[in-house]
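Only one structure is covered here, and it is reproduced in the block below.
Within every chain, numbering begins at 1; the chains are lettered A, B, ... in the order of the sequence lines, protein sequences first and strands thereafter.
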Amino acid sequence: MTILEELSRRVGDAFAEVGLESKFGRVKPADRPDLAQFQCNGALAAAKAAKQNPRALAEKVCDRLRNETAFKEVTIAGPGFINITLADDDLAGRLGAILEGDSLGGWQKPEPEKILLDYGGPNVAKPLHVGHLRAAIIGESLKRIFRFAGDAVVGDVHLGDWGLPMGQLITELKREQGDLVYFDAAVEGPYPVQPPVSLADLERLYPQASAACKADRTRADEARQATAELQKGRPGYLALWKHFVAVSRAAIEQEYEDLGVTFDLWKGEADAAPLIPEMAADFAGIGLIEDSDGAQVIRVESEGDNKKIPPLMLFKSDGGVTYGTTDLATIVDRVRSDNPDRIIYVVDQRQALHFEQVFRAADLAGLFAADRLEHIGFGTMNGKDGKPFKTREGGVLRLRDMIDMVTERALARLAENGLAEGYDAAETADIARKVGVAALKFADLSNPRTSDYIFDLDRFMAFEGKTGPYLLYARVRVRSVLAKAEAAGAGAPGAIAITAPEERALALVLLGFGDALRDAHEKRLPHLLCDHAFSLAQAFSKFYAGCRIADEADDTIRASRLALAAASGRQLELILDLLGIQAPARM
RNA sequence: GGUCCCGUAGCUCAGCUGGAUAGAGCGCACGCCUCCGAAGCGUGAGGUCACAGGUUCGAAUCCUGUCGGGACCGCCA
């Protein structure tokens with residue numbers, strides 16, 4: 001139980017004892033830290049419901065709370081706010097208790113679920129770019145948060161490996177090397193093991209093909225034709241396609257790894273493809289499919305909709321499938337292979353309507369209940385002009401270039417500040433990459449998931465204030481002071497004893513971890529955990545600035561402060577891990 | 001045209017199941033290293049919460065409208 005849950009229960013009980021609903025007992029951190037640590041505004045709402053005087057009512061509730069020894073002070077302010085301050089002994093006791101376990105006061109979910117998390121979506125033959133960044137970063141963090149809370153999570157990259165771009169690639173390659181065996185319809189294999197294209201070829205061919213199809217209708221038709229043939233299983237195309245996928249995947253996997261993002265499954269749209277005919281037959285069997293201008297669609301609108309939901313297109317008039325079709329078939333696949341309780345898609349907010357269609361169709365078909373399918377949408381990363389991020393040349397910025405950029409900046413900053421001096425080149429490079437990626441990831445994660453944000457490299461790389469490097473710096477200072485204490489024979493960390501205001505403030509923040517984690521989990525909002533991480537780093541920095549630790553003369557106080565520092569370090573390390581941010585040991 | 005999201009400090013953004021003096025970071029001004037890492041800490045200035053109505057004892061928060069910005073709206077994925 002988190003501290004707010006527990007306090008809410010106690011205050012709720014007090015409300016119940018005076019004949020009011022316990023829900024009014026909800027406690028939150030105080031808005032006025034100068035007056036108290038926690039507050040409950042329930043007396044006002046209760047008074048309204050019971051038509052009583054709020055102050056008198058608050059007084060009755062407070063009478064029940066004042067004999068709690070855990071509370072140092074319970075007061076009423078203004079029209080009926082109940083202000084609560086915990087006794088230092090109680091704070092110290094709570095802190096001691098959470099430090100005994102590995103979870104450090106982190107929230108554990110009462111009823112864990114098996115969750116399939118879909119947060120990749122890169123496309124074959126296209127390098128990862130900044131558009132993939134948010135899904136990867138947010139998804140990775142959610143995966144870690146879910147797992148820590150007790151959920152069993154399977155992360156799937158879900159490659160975009162089965163659409164029109166595949167046909168475009170095939171036709172583009174055919175124009176360049178039409179004599180390859182894959183294009184000879186008379187040959188049905190076997191085909192060469194060596195891929196006919198390199199990664200560089202793919203990354204060159206795809207933009208070419210895409211531009212050509214845009215400019216020339218004939219080329220577009222060719223690509224469409226090739227896509228349809230591939231999807232029908234033409235052997236040469238299938239073999240060629242497998243090479244495309246393998247070449248691409250190796251590169252994609254490496255880039256994700258550099259970001260600290262990993263997947264349990266490397267499935268793609270193509271894995272679901274074979275299930276489509278059977279699925280379509282099932283749908284047809286229950287009368288779900290309708291014909292519409294030659295296309296096969298599933299109508300998903302329902303009574304009471306206040307917006308129009310267009311039908312989901314299962315088959316286009318040329319017989320090809322759409323990504324709605326493959327998404328449905330993917331659900332079939334996931335039910336069969338993993339049978340999750342819940343499927344969560346971490347995908348750009350702009351695709352909300354698409355998921356609404358898919359979820360409704362899945363529900364109608366009896367495949368998966370719509371309330372266990374979640375689209376966790378996120379806003380776009382924009383440039384300083386407020387439009388989706390582009391390079392100065394107007395192109396898409398590759399993830400690889402982005403990582404290089406932040407690493408370079410970090411390296412420059414290290415040199416500027418005279419940090420990392422005397423470390424060897426390999427460690428310096430490693431620190432620079434970690435610091436740069438931490439800046440990037442924290443900047444992304446600390447924005448609320450659903451809103452767009454402006455990517456401003458100068459701001460993120462300033463490394464001051466609310467940034468990833470600030471957190472890493474706090475972490476490094478904890479390590480440093482503890483190492484110094486040990487070297488000086490300062491003794492072991494001991495029982496927490498609160499003597500200074502900075503210690504009290506730090507203790508309160510440390511105790512707030514459970515609530516931060518619960519909120520981040522339940523709302524799927526990692527930025528709430530970022531806020532806590534920043535508060536923690538701040539509280540530690542103030543504690544560090546205001547209190548002697550390693551060289552404190554009083555043995556009891558020194559032992560307590562060493563314990564506080566150690567606790568801060570451990571919790572910070574855990575949170576950084578939950579955010580998917582790697583921390584250097586020193587910097 | 002329809003649906004949805006957003007307009008809060010000079011800048012970038014929190015806060016929005018209504019509640020006390022609207023917060024943070026950056027930037028700006030001033031101060032703090034004979035003391036455990038100054039990428040740090042402290043103090044201060046800075047706001048008609050887009051605008052207009054409404055509901056309420058109480059509105060940045062809920063409702064309606066206006067203006068401004070953005071996203072999406074069956075044969076791309």
Side-chain angles (χ1 to χ4, degrees), chain A residues 26 30-32 34-35 39 41 44-45 47-48 54 77-81 83 121 123 160 162-165 210 213 220 224 269 292-298 305-318 320-324 326-327 348-354 357 377 379-380 382 384 386-387 413-414 416-417 419 435 443 446-448 450-454 456 458-460 462-467 469-474 476-477 479-485 487-488 490 502 527 531 534-535 537-538 541-552 561 565 586-587:
Chain A
R26 196 167 65 93
D31 292 332
R32 295 280 305 271
D34 52 320
L35 299 180
Q39 67 178 343
N41 296 352
L44 284 85
K48 195 172 201 170
F81 303 109
N83 286 333
N123 295 308
W162 201 238
L164 183 64
S210 178
C213 290
R224 229 185 295 283
E269 293 173 333
S292 172
D293 298 331
Q296 309 285 304
V297 304
I298 299 176
D305 285 351
N306 52 2
K307 56 180 174 179
K308 281 192 182 125
I309 308 286
L312 181 139
M313 186 170 300
L314 208 58
F315 295 107
K316 298 184 286 187
S317 46
D318 67 1
V321 299
T322 71
Y323 82 134
T326 51
D327 276 355
D348 192 322
Q349 187 61 40
R350 290 176 293 191
Q351 297 193 30
L353 183 59
H354 163 72
Q357 292 174 288
T380 53
N382 295 338
K384 286 185 188 176
K387 290 177 182 163
R413 239 353 247 269
L414 285 171
E416 243 173 70
N417 291 18
L419 292 163
V435 169
S446 59
N447 283 286
T450 49
S451 49
D452 296 344
Y453 74 101
I454 293 183
D456 180 341
D458 293 328
R459 192 161 60 84
F460 297 167
F463 297 161
E464 277 146 22
K466 194 174 179 180
T467 62
Y470 175 86
L471 303 182
L472 299 187
Y473 185 64
V476 160
R477 288 208 295 182
R479 281 186 112 95
S480 181
V481 70
L482 290 175
K484 204 139 268 178
E502 291 91 348
H527 86 275
D531 286 347
F534 182 62
S535 298
Q538 252 182 339
S541 293
K542 290 178 187 190
F543 164 66
Y544 184 86
C547 301
R548 302 306 305 170
I549 301 169
D551 53 7
E552 165 60 42
R561 288 185 179 165
R586 53 182 190 168
M587 60 194 273

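- As rounded to the nearest Å, B:G70 and B:G31 have P atoms that lie 45 Å from one another.
- Rounded to whole Å, atom P of B:C16 lies 11 Å from atom CG of A:Asp31.
- Of all non-hydrogen atoms in A:Asn447 and A:His527, the two that sit nearest each other are O-CB, 3.6 Å.
- B:A39 and B:C26 have their C1' atoms separated by 14 Å, given to the nearest Å.
- In this structure, A:Ser451 reaches the sugar-phosphate backbone alone: every heavy-atom distance under 4.0 Å involves primed, P, OP1 or OP2 atoms, never a base.
- Looking at A:Asn83, its side chain comes within 3.5 Å of the base of B:A20 through a donor and an acceptor atom.
- The residue A:Cys547 sits close to a base: some heavy atom pair falls under 4.0 Å.
- Here B:G37 presents its P atom at 11 Å from CG of A:Leu482, a figure rounded to the nearest Å.
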- Message: Just to be sure I follow the notation: if a pair is Watson-Crick (purine N1 to pyrimidine N3 plus N6-O4 or O6-N4) or a G-U wobble (N1-O2 and O6-N3), each under 3.5 Å, what dot-bracket string does RNA chain B give, with | for pairs to another strand?
- Response: (((((((..((((.....[...)))).(((((.......))))).....(((((..]....))))))))))))....

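- Counting only heavy atoms from C-beta outward, the side chains of A:Thr467 and A:Phe534 never approach each other to under 4.5 Å.
- Contact between the side-chain N/O atoms of A:Tyr470 and the OP1/OP2 oxygens of B:C41 is found at a separation under 4.0 Å.
- The P atoms of B:A22 and B:G46 are separated by 13 Å, rounded to the nearest whole Å.
- Atom-to-atom, CG of A:Asn447 to C1' of B:A24 comes out at 13 Å; the value is rounded to the nearest Å.
- Within 4.0 Å (heavy atoms only), A:Ile309 reaches no atom of the nucleic acid at all.
- Taking the side chain of A:Phe534 as heavy atoms from C-beta on, and the options B:G37, B:A39, B:G25, the nearest nucleotide is B:G25.
- Out of B:G25, B:U12, B:G27, the shortest distance to the side chain of A:Arg459 is found at B:U12.
- Between A:Phe460 and A:Ile454, the shortest heavy-atom contact is CZ-O, 3.6 Å.
- In this structure, A:Phe315 and A:Val321 have side chains that are in contact, with non-hydrogen atoms separated by less than 4.5 Å.
- Taking 90° from 0 as the syn/anti boundary, the base of B:C33 is oriented syn.
- A straight line from CG of A:Asp531 to P of B:A24 spans 13 Å, rounded to a whole angstrom.
- Contact annotation: A:Arg477 reaches the phosphate of B:A38 (side-chain N/O to OP1 or OP2, under 4.0 Å).
- Minimum atom distance to the side chain of A:Gln538 is reached by B:G25, of the listed B:A71, B:G25, B:U12.
- Comparing B:G68 with B:C62, their P atoms are spaced 23 Å from each other, to the whole Å.
- The OH atom of A:Tyr544 sits 11 Å away from the P atom of B:A39 (whole-angstrom rounding).
- Checking A:Gln349 against A:Gln357, the closest nucleotide of RNA chain B that is more toward the 5' end is the one next to A:Gln349.
- In terms of heavy-atom proximity, A:Gln349 sits nearest to A:Gly377 at OE1-CA, 3.1 Å.
- The shortest non-hydrogen separation linking A:Thr322 to A:Met313 is OG1-O, 2.8 Å.
- Nucleotides B:A45 and B:G10 are separated by 15 Å at their P atoms, to the nearest Å.
- Relative ring orientation between A:His354 and A:Tyr323 is described as parallel, the plane-to-plane angle staying below 30° on a 0-90° scale split at 30° and 60°.
- For A:Lys48 against B:G19, no side-chain N or O and base N or O form a donor-acceptor pair under 3.5 Å.
- Taking atom P on both nucleotides, B:G65 is separated from B:C4 by 11 Å, rounded to a whole Å.
- Remark: A:Arg561 does not engage A:Glu502 in a salt bridge, criterion side-chain N to carboxylate O under 4.0 Å.
- Protein atom CD of A:Glu502 is 17 Å distant from nucleotide atom P of B:C36, rounded to whole Å.
- Once rounded to the nearest 0.5 Å, the distance linking CG of A:Leu419 with CZ of A:Arg586 reads 11.5 Å.
- Atom CG in A:Leu353 sits roughly 12 Å away from atom C1' in B:G2 (whole-Å rounding).
- Residue A:Pro448 has its side chain nearest to B:C13 when only B:G25, B:C13, B:G40 are considered.
- For A:Glu416 against B:A39, no side-chain N or O and base N or O form a donor-acceptor pair under 3.5 Å.
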Show me the protein contacts with nucleotides 75-77 of chain B, counting only N or O atoms at under 3.5 Å.
{"residue": "B:C75", "atom": "O2", "partner": "A:Ser317", "partner atom": "N", "Å": "2.9"}
{"residue": "B:C75", "atom": "O2", "partner": "A:Ser317", "partner atom": "OG", "Å": "3.1"}
{"residue": "B:C75", "atom": "N3", "partner": "A:Ser317", "partner atom": "OG", "Å": "3.3"}
{"residue": "B:C75", "atom": "N4", "partner": "A:Asp293", "partner atom": "O", "Å": "3.3"}
{"residue": "B:C76", "atom": "OP2", "partner": "A:Arg224", "partner atom": "NH1", "Å": "2.7"}
{"residue": "B:A77", "atom": "O3'", "partner": "A:Glu269", "partner atom": "OE1", "Å": "3.1"}
{"residue": "B:A77", "atom": "O3'", "partner": "A:Glu269", "partner atom": "OE2", "Å": "3.2"}
{"residue": "B:A77", "atom": "N6", "partner": "A:Tyr323", "partner atom": "OH", "Å": "3.2"}
{"residue": "B:A77", "atom": "N1", "partner": "A:Tyr323", "partner atom": "OH", "Å": "3.4"}

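- Here, B:G23 and B:C49 have their C1' atoms 12 Å apart, quoted to the whole Å.
- Remark: A:Arg413 CZ to A:Glu464 CD distance equals 5.0 Å, nearest 0.5 Å.
- At the phosphate of B:G37, OP1 or OP2 sits under 4.0 Å from a side-chain N or O atom of A:Lys484.
- Annotation: the span from A:Leu353 atom CG to A:Gln357 atom CD amounts to 4.5 Å, rounded to 0.5 Å.
- When the P atom is compared between B:G7 and B:C63, the two are found 14 Å apart, to the nearest whole Å.
- With B:G37, B:G27, B:A20 as the choices, the nucleotide that has an atom nearest any side-chain atom of A:Phe81 turns out to be B:A20.
- One can place NZ of A:Lys542 at 20 Å from C1' of B:C36, the figure rounded to the nearest angstrom.
- Of the candidates B:C41, B:G74, B:G37, the closest approach to any side-chain atom of A:Met587 belongs to B:G37.
- B:G40 has no stacking from A:Tyr473 on its base ring, since the centres under 5.5 angstrom apart and planes within 30 degrees of parallel are not both found.
- Within the 4.0 angstrom heavy-atom criterion, base atoms lie near A:Leu44.
- A distance of 11.0 Å separates NZ in A:Lys466 from CZ in A:Arg459, rounded to the nearest 0.5 Å.
- A residue-by-residue look at A:Ala45 and A:Phe460 shows that A:Phe460 has its nearest nucleotide of RNA chain B further toward the 5' end.
- Closest approach to the A:Ser541 side chain among B:C35, B:C41, B:G37 is made by B:C41 (side chain taken as heavy atoms from C-beta onward).
- Picking from B:A38, B:A39, B:C41 the nucleotide with the shortest atom distance to the side chain of A:Asn417 gives B:A39.
- In this structure, A:Asp327 reaches neither bases nor backbone, as no heavy-atom distance under 4.0 Å exists between it and the strands shown.
- Taking each heavy atom of A:Leu472 and A:Val435 in turn, the nearest pair found is CD1-CA, 3.9 Å.
- Within 4.0 Å (heavy atoms only), A:Ile549 reaches at least one base atom of the nucleic acid.
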